[in-house]
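The structure under discussion appears below in the form of structure tokens.
The chains referred to below are lettered A, B, ... by the order of the sequence lines, with proteins before strands, and numbering in each begins at 1.
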Amino acid sequence: MHAALPQGEQEAGSIDTPSRPPRDLRRVDIHPNHWYPLAWSREVKRGKAHGVRFAGDPIVLVRTESGQVFALEDRCAHRQVPLSAGVVDGESIRCCYHGWTYDCTGRCTDIPYLGRERLPNGVRAYPCRETAGLIFVFTGDPALADQAKFPDLGSSADRAYKTRRFGGDVKCHYTFMHENLMDMNHQFLHRRQMGSMRARSVGRRRGDDWIEVDYTFAREAGKQPIGEALVFGQKRGAKPEDGQKDVMTIRTDYPYQTLKIRTKDETMVMDLWIAYVPLDAEQRTNRTFGLLSIRRPKVSFLLDAAWPLLIWFTERIFTEDRWIVEREQEAHDRQGADHNHEVFPVILELRSLLSEHGVPHGAGKSTGESTGETRRIHFIERVQELPTP
Amino acid sequence: MHAALPQGEQEAGSIDTPSRPPRDLRRVDIHPNHWYPLAWSREVKRGKAHGVRFAGDPIVLVRTESGQVFALEDRCAHRQVPLSAGVVDGESIRCCYHGWTYDCTGRCTDIPYLGRERLPNGVRAYPCRETAGLIFVFTGDPALADQAKFPDLGSSADRAYKTRRFGGDVKCHYTFMHENLMDMNHQFLHRRQMGSMRARSVGRRRGDDWIEVDYTFAREAGKQPIGEALVFGQKRGAKPEDGQKDVMTIRTDYPYQTLKIRTKDETMVMDLWIAYVPLDAEQRTNRTFGLLSIRRPKVSFLLDAAWPLLIWFTERIFTEDRWIVEREQEAHDRQGADHNHEVFPVILELRSLLSEHGVPHGAGKSTGESTGETRRIHFIERVQELPTP
Amino acid sequence: MHAALPQGEQEAGSIDTPSRPPRDLRRVDIHPNHWYPLAWSREVKRGKAHGVRFAGDPIVLVRTESGQVFALEDRCAHRQVPLSAGVVDGESIRCCYHGWTYDCTGRCTDIPYLGRERLPNGVRAYPCRETAGLIFVFTGDPALADQAKFPDLGSSADRAYKTRRFGGDVKCHYTFMHENLMDMNHQFLHRRQMGSMRARSVGRRRGDDWIEVDYTFAREAGKQPIGEALVFGQKRGAKPEDGQKDVMTIRTDYPYQTLKIRTKDETMVMDLWIAYVPLDAEQRTNRTFGLLSIRRPKVSFLLDAAWPLLIWFTERIFTEDRWIVEREQEAHDRQGADHNHEVFPVILELRSLLSEHGVPHGAGKSTGESTGETRRIHFIERVQELPTP
């Protein structure tokens, strides 16, 4: 579980003069001008509405009777009650209270007790796309949605892989999640699941909005647990020399994160795509959406047979990670500032990236806040019914 | 469930220039200079004390051994612990901690370990009246209690009616309750209980401290549910023409509210009296006290037999209303201001009335706050033991 | 339950001109430069770490594999997560997250993925002593720990007595606890357990950092309950004249408190030592640690046989006291200030003592707050393994 630092990096990340980002990273909001997954497709049933949150903004996801999904501000323009408690009526949503009706663009199309010529403004609509069993919403300026990068969801659509969809609510700032995954020295936390491993960081690259780091691993003691074998590289030779040939690459491609394991012949045996979506306005909680794809072995049903064990193993890991990042958030809340004393250059660089690409706390709210004026911009693209996972 | 607007009203309540009250209605406190019900008689047992709250002020209701009820500030002058945890001793209340004793005027009459000539000031007393199974307290300036209007409790004392006492705590500002009841277009909320109804507002009157509106109803589809038949007009002709002859009048008589249904021959078949009492200092919660009186049919026991169904039906309606007004409060809390976009002239006028007769938030506290000096003013009037409901 | 005031005292504590301490006593923090019990020995098992709090500061108590106990700031210097979730490794503690290791002085001795020549600063260490089944920590300036008075724990080490260790979390400021115990007029609160008793304060003494008061008691009505007999003076003559010969002395020896009952021949029949340790930074909660020692009768096993009854009786008393002081705190929170109207001179003097020896709220934090710089001061003294109670 030790990641020895290459010589050059040790100098860069000197402990006496740490290159800390200038602002408290936990007061940097995630940038809203991205496509964020806000729900699993299976959570939004046909003819039903489903309320979610992004950074404190209530959003309703509506699956119409034809199966399309659209996203609106989850507040009736009338009395601000949640539209997600309303009734899907054909391709529209009716508020449960007085029956005000909205179409997929957020326009108010009917107030039962008022003439149609006198209808008020409606509610904000959000660009919305459904793919890979996830419903994505563009949470920022809608004019930028089309040109914005849509995430590559890895191997989840590739039949050579079997994918587990997992995640849950985590009571911490999204940045703690990025740091947790990227610093493989934290395997000490998972010692009960993984045994004693030694991680070595063997390379690092950075672009404008991404950073990635390569690790190799060596077992220090004991045998490889079977759960780990399933996830981190199937059953291969037990000799440490072989294991070290596998390379794990962890990448933050703002605002998403991936973890890929490749064997020496460049076969990708594991491919994780993961996103952390702030729930509350303070961004001290997030909902994590993960797609974990495992390459099917030649005898494919072996993976299916072992799947319950893989689920159990990854839940244990996720539970440990959730517990520790929530303790980090708790310490930040109590100390009122970021007292972290980071010594690992990879993480120092990651912190800079997250700080540069986010927005100062509260600054992104101009586009997200309902002010009475509403915007009638709306997109539905690539909507497709997927088999629910 | 549609209330078509009479022509004149539509102009008055124009959507482009809504006549909004100048201040945030949810920051208008209820006026303390009124008689408010603070408990059901049955909750204050003989020889016991019972703690309640009005807008954050703790008040103890004491029923003495002779059966009289008096109301004091619910804080011992000594160490501020609740007198409601104390011991009724004849016609007095003793604090549970060190045994300080107070009479019905709030005067401290005994400190067991101190000479009687040296007794300190006591605690504030509130004018108190008991009637119709309710204990009313005058929460404002006691000097005004005698001349203040005491509410007419409708048909609850009339043997021609059977009365249900109901209510509960609701986590919203009292003004949301008034708006909810007075806007009959909200029947869409109760579609599961009532089916599809069309409300039509057919008249509206206003005085200095009251406003009332008349509605007629027509069923749009389906049959009248039996629960609704019991409450909103017994079993009468199923023809819509007949139903429309019934008139529902909803009135806010500050700070109370009533709802009466009269048949075309002016018989009042239903009579609801209801009050919303703020519990916390922010007035974001209230306790609702309702007296729902149904006129007995000629074969009186039929109503008794159907009573459990009526209870079930009214609980369902109350539960739905409570749920939606709590969502309104939640939206106000999150938005930090009143973003309502009201279009119904009746409600716009109601909002003005509530705003004009309340007090700016916090301004009413001068009379309600304990400051160490205490007032020894006290009234008991019309106290009578009533059979508990 | 009446404590008649001696004549001179009544003048001193005049009700019309109460000598109130100048500041709100509930905003006076306990002084950190004392030895405070932070855990029972039995809570810190060999080879385990145990997290506690003092006035908001997280502290980890570590019992090493050799059985010694040391105390550190409960935050890893790296990512601020609790060391109490870590792993005891010989005489050190390893953080559970990335494996950073600290010795008993708080020095960081190992970061698995970093050269040892480049180790960062560690965490704050606290002087720590274990005695009488309690683990004490000096929470203030470590340089003062050696000369600071260590509490006399009464008869808990004396074989002539049997000791009950009790306590729990109480949601109130520590000062309410001192006032509660010292004002024996509050026996009215325990009327169900003790019957009707008359307390008389018969003398009072004060030093620089202590105050003590003597009481005698007379039963006003009924028989002595058996539980009380066990605790407050075994079975002695039922004649009031005899009972009055027993003297109860209650003393606040800042910051501790004791209650001793002596018979007319000066035999101490009961000896209580008790401390109230603030848990949160606001000091609105405390953990109470009590050592209640009862002198063994000649037939010693009778006390052992009656012990369950004594436990039940003292729990009932403690539950009532906890309930009432929490109501006092609640009133203070609601009123936003100290509205107490104290009339008993003993308590007025106690309040002055507590006010003078505490520190203004927040002022003591300079020594308690982690600022990134850490202090490597450490003491272990008189550490001994005691049989757990």
_Going by the rule ring-ring contact (aromatic ring centres under 6.0 Å, His included), which residues pair with C:Y254 if we only count those two or more places apart in sequence or in a different chain?_
C:H34, C:H357
*Residues two or more places apart in sequence or in another chain: which of them pass ring-ring contact (aromatic ring centres under 6.0 Å, His included) with B:Y102?*
none
*Counting a contact as any heavy-atom pair under 4.5 Å apart, which residues of residues 171-179 of chain C contact chain B?*
C:F176, C:E179
_Contacting region of B:C76 [heavy-atom separation from chain C under 4.5 Å]_ = neither
*Between the side chain of C:E342 and the main-chain N/O of B:H78, is any donor-acceptor distance below 3.5 Å?*
no
_Stepwise side chain to side chain contact (heavy atoms under 4.5 Å, CB included) check, C:Q335 with B:Q80_ = CA-CA 9 Å; C:Q335 298 182 294; B:Q80 316 298 315; 3.1 Å; yes
_Nearest heavy-atom neighbours spanning B:P82 and C:R327_ = CD-CB, 3.8 Å
*Name all residues meeting the side-chain contact (heavy atoms from CB on, under 4.5 Å) criterion together with B:T101; count only those two or more places apart in sequence or in a different chain, and write none if there are none.*
B:S92, B:R94, B:T109, B:D110
*Over all heavy atoms of both residues, which pair between C:H341 and B:P120 is shortest? Give the atoms and the distance, please.*
NE2-CB, 3.4 Å
*How about C:V343 and B:W100: do any of their side-chain heavy atoms sit closer than 4.5 Å?*
yes
*Got a second to check how far C:N180's CG is from B:R79's CZ, nearest 0.5 Å?*
8.0 Å
*asked:* Testing the basics here: between C:F188 and B:Y97, what is the closest heavy-atom pair and its distance to 0.1 Å?
replied: CB-O, 3.6 Å
*Of all heavy-atom pairs between B:C96 and C:W323, which one has the smallest distance, and what is that distance?*
SG-CZ3, 4.3 Å
